[in-house]
Amino acid sequence: MRKKMIAAMLTGVMCIGLMPGNVMAASDSDELKGDVYAFIAASLSNSMEEIQKDFEKLHPEVSIKYNADSSGTLQTQIESGAPCDLFFSAADKQMNALVDEELADKDSVVDLLENKVVLIKPKDSETKVTGFENITQAENIALAGEDVPVGQYAREIFTNLGIMDDVEKMEINEGRNVTEVLTAVSEGSNEVGIVYATDAASMGDSVEIIAEAPEDSLDTPVLYPIGLIKNESADDDEKAAAEAFYAYLQTENALKVFEEYGFTPYVAEH
C-alpha cells in the first residue's frame, strides 16, 4: 500500500511540475497538511532550502522542518527518539545502521545523489599543498570528525594513500560537521580543509579547490541516500505529507535543483 501511495504521489507531483502556471491550481485542491520533520546532512542545506520553498508552494498546508547537521549526529538523535519523518544522509553507513535497527523503512531507502570530496584553501592564499598526496606540508588542516561522513571519507583517502599516520601528527581543527570545516577555511583559520565539492562551490568567493580526491582513493562513491523514518508520533496526515515530500525529492524538478548546487543524480550500475 505504501509503495502504491508513494508512486501515485510521485506521478501527481511530476505532472504538476510539467504544467506551467498550475501551482495555484494544485494548491487549491491540495489535501496534504501537517509538519514534516526532515533530518538532512549539513551539505544539503542550501539546495534543500530551495526545494522546501518549491514544495510548500505546491502544498501550503505542509510545513517542512529541517534539522541539518552531520549524518552521524542525526543518526544518534534518531536513535534517541527525536521526532523524524525522513532522513537524508551524506553516506550509506548511517542509513544502513538505522535500517538494521528497524528505525528506517528499508524498502524506502534510495541512493539519490552523488558528490565529490575536495581539498580547499582560502581564496587567493598561499600554500605548498598541491593535492591530497602532500597535504602534510600544510601548517594545519580543518577536518570533520570521525563520525561525520566527509571526515570518514577523508580518513579513508589518507589510509589508501598511506599517509594516515602523518596526517594524525598535524595540527587538526576538528569540525562537528562539514559546515564548520568550510567556515574555518573560508575565514582563513586553517591553511587547508576537506569538504564536498558542493560546499566549495557554495562559497566560491572565499575558498578555492586545490584538488579532487585522487581516483581510486575512495573504495565507494560518495552517495546520499534518503529514507522514511518510522515516526510513531506522526498522525496519518503527517505521514502522508512526509511520503509526498519523500516522493518529490526524487522528481525531475527537485533533481534539477540538486544539480544546480553541484550534486549528480546517482544512477546505479547494472
Next item on the list: Please test Lys123 against Val207 for side-chain contact (heavy atoms from CB on, under 4.5 Å), starting from the C-alpha separation and ending with a verdict.
Entry: CA-CA 4 Å; Lys123 188 84 169 181; Val207 302; 5.9 Å; no

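- Scanning all heavy atoms of the two residues, the minimum distance from Val185 to Ala142 falls at CG2-CB, 4.0 Å.
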Next item on the list: Show your working on side-chain contact (heavy atoms from CB on, under 4.5 Å) between Val117 and Ile194 and close with a plain yes or no.
Entry: CA-CA 7 Å; Val117 177; Ile194 296 177; 3.5 Å; yes

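- Side-chain N or O atoms of Asn140 include one that pairs as donor or acceptor with a backbone N or O of Glu191 at under 3.5 Å.
- Atom CD of Gln137 has more than 12 heavy atoms from other residues, nucleotides or ligands within 6.0 Å.
- The backbone N or O of Ile64 sits less than 3.5 Å from a side-chain atom of Glu56, completing a donor-acceptor pair.
- The backbone N or O of Glu146 lies less than 3.5 Å from a partner atom in the side chain of Gln152, making a donor-acceptor pair.
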Checklist line | side-chain contact (heavy atoms from CB on, under 4.5 Å) assessment of Tyr248 paired with Leu58 | finding: CA-CA 10 Å; Tyr248 183 80; Leu58 293 172; 3.8 Å; yes

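- Of all heavy-atom pairs between Val192 and Ala138, the closest is CG2-CB, 3.8 Å.
- Listed for the Ser71 side chain is no donor-acceptor partner under 3.5 Å among the backbone atoms of Gln94.
- Ser186 contributes no side-chain N or O that, together with a main-chain N or O of Ser206, makes up a donor-acceptor pair within less than 3.5 Å.
- Considering only heavy atoms from C-beta on, Asp147 comes within 4.5 Å of Thr73 through its side chain.
- Considering every non-hydrogen atom in both Asp92 and Pro225, the closest pair reads OD1-CG, 3.4 Å.
- The CG atom of Leu255 sits 11.5 Å away from the CD atom of Glu260 when rounded to the nearest 0.5 Å.
- Across all non-hydrogen atoms, the minimal contact from Ser70 to Val148 is CB-CG2, 3.6 Å.
- Atom NZ of Lys106 is surrounded by 12 or fewer heavy atoms from other residues, nucleotides or ligands within 6.0 Å.
- Gln250 contributes a side-chain N or O that, together with a main-chain N or O of Tyr246, makes up a donor-acceptor pair within less than 3.5 Å.
- One N or O on the side chain of Asn134 and one on the backbone of Lys128 form a donor-acceptor pair closer than 3.5 Å.
- Taking CG of Leu113 as the start and CD of Glu259 as the end, the distance is 9.0 Å to the nearest 0.5 Å.
- Of the residues listed (Ile157, Ile210, Val167), the one engaging Ile135 in a side-chain contact (heavy atoms from CB on, under 4.5 Å) is Val167, and it is the only one.
- Rounded to the nearest 0.5 Å, atoms NZ (Lys256) and OG1 (Thr251) are 11.5 Å apart.
- The distance from atom CZ of Phe88 to atom CE of Met48, rounded to the nearest 0.5 Å, is 5.5 Å.
- No hydrogens or angles considered: a donor-acceptor pair under 3.5 Å links the side chains of Gln75 and Glu79.
- Using a 4.5 Å heavy-atom threshold, the side chains of Asp35 and Ser63 count as touching.
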Notebook entry, point to check: Can Val267 and Glu114 be said to form a side-chain contact (heavy atoms from CB on, under 4.5 Å), step by step?
Noted result: CA-CA 9 Å; Val267 179; Glu114 187 170 356; over 6 Å; no

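- The side-chain contact (heavy atoms from CB on, under 4.5 Å) search around Ala211 returns none, not counting sequence neighbours.
- Residues Ser202 and Asp199 share a closest heavy-atom pair of OG-O, 2.6 Å.
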Tell me which donor-acceptor pairs under 3.5 Å the side chains of residues 172-179 have, and how far apart each pair is, sequence neighbours excluded?
residue: Asn173; atom: ND2; partner: Asn190; partner atom: OD1; Å: 2.8
residue: Glu174; atom: OE1; partner: Arg155; partner atom: NH2; Å: 3.4
residue: Arg176; atom: NE; partner: Glu180; partner atom: OE2; Å: 2.7
residue: Arg176; atom: NH2; partner: Glu180; partner atom: OE2; Å: 2.7
residue: Asn177; atom: OD1; partner: Thr179; partner atom: N; Å: 3.1
residue: Asn177; atom: OD1; partner: Glu180; partner atom: N; Å: 3.0
residue: Asn177; atom: ND2; partner: Asp69; partner atom: OD1; Å: 3.2

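- To the nearest 0.5 Å, atoms NZ (Lys65) and CD (Gln52) are separated by 9.0 Å.
- Distance alone, capped at 3.5 Å, places no donor-acceptor pair between the Asn115 side chain and the Phe263 backbone.
- Considering CG of Leu44 and CZ of Phe258, their distance stands at 6.0 Å, rounded to 0.5 Å.
- Remark: side-chain polar atoms of Tyr196 are paired, donor with acceptor, to backbone N or O of Val150 under 3.5 angstrom.
- Other residues, nucleotides and ligands contribute over 12 non-hydrogen atoms within 6.0 Å of the CG atom of Asp219.
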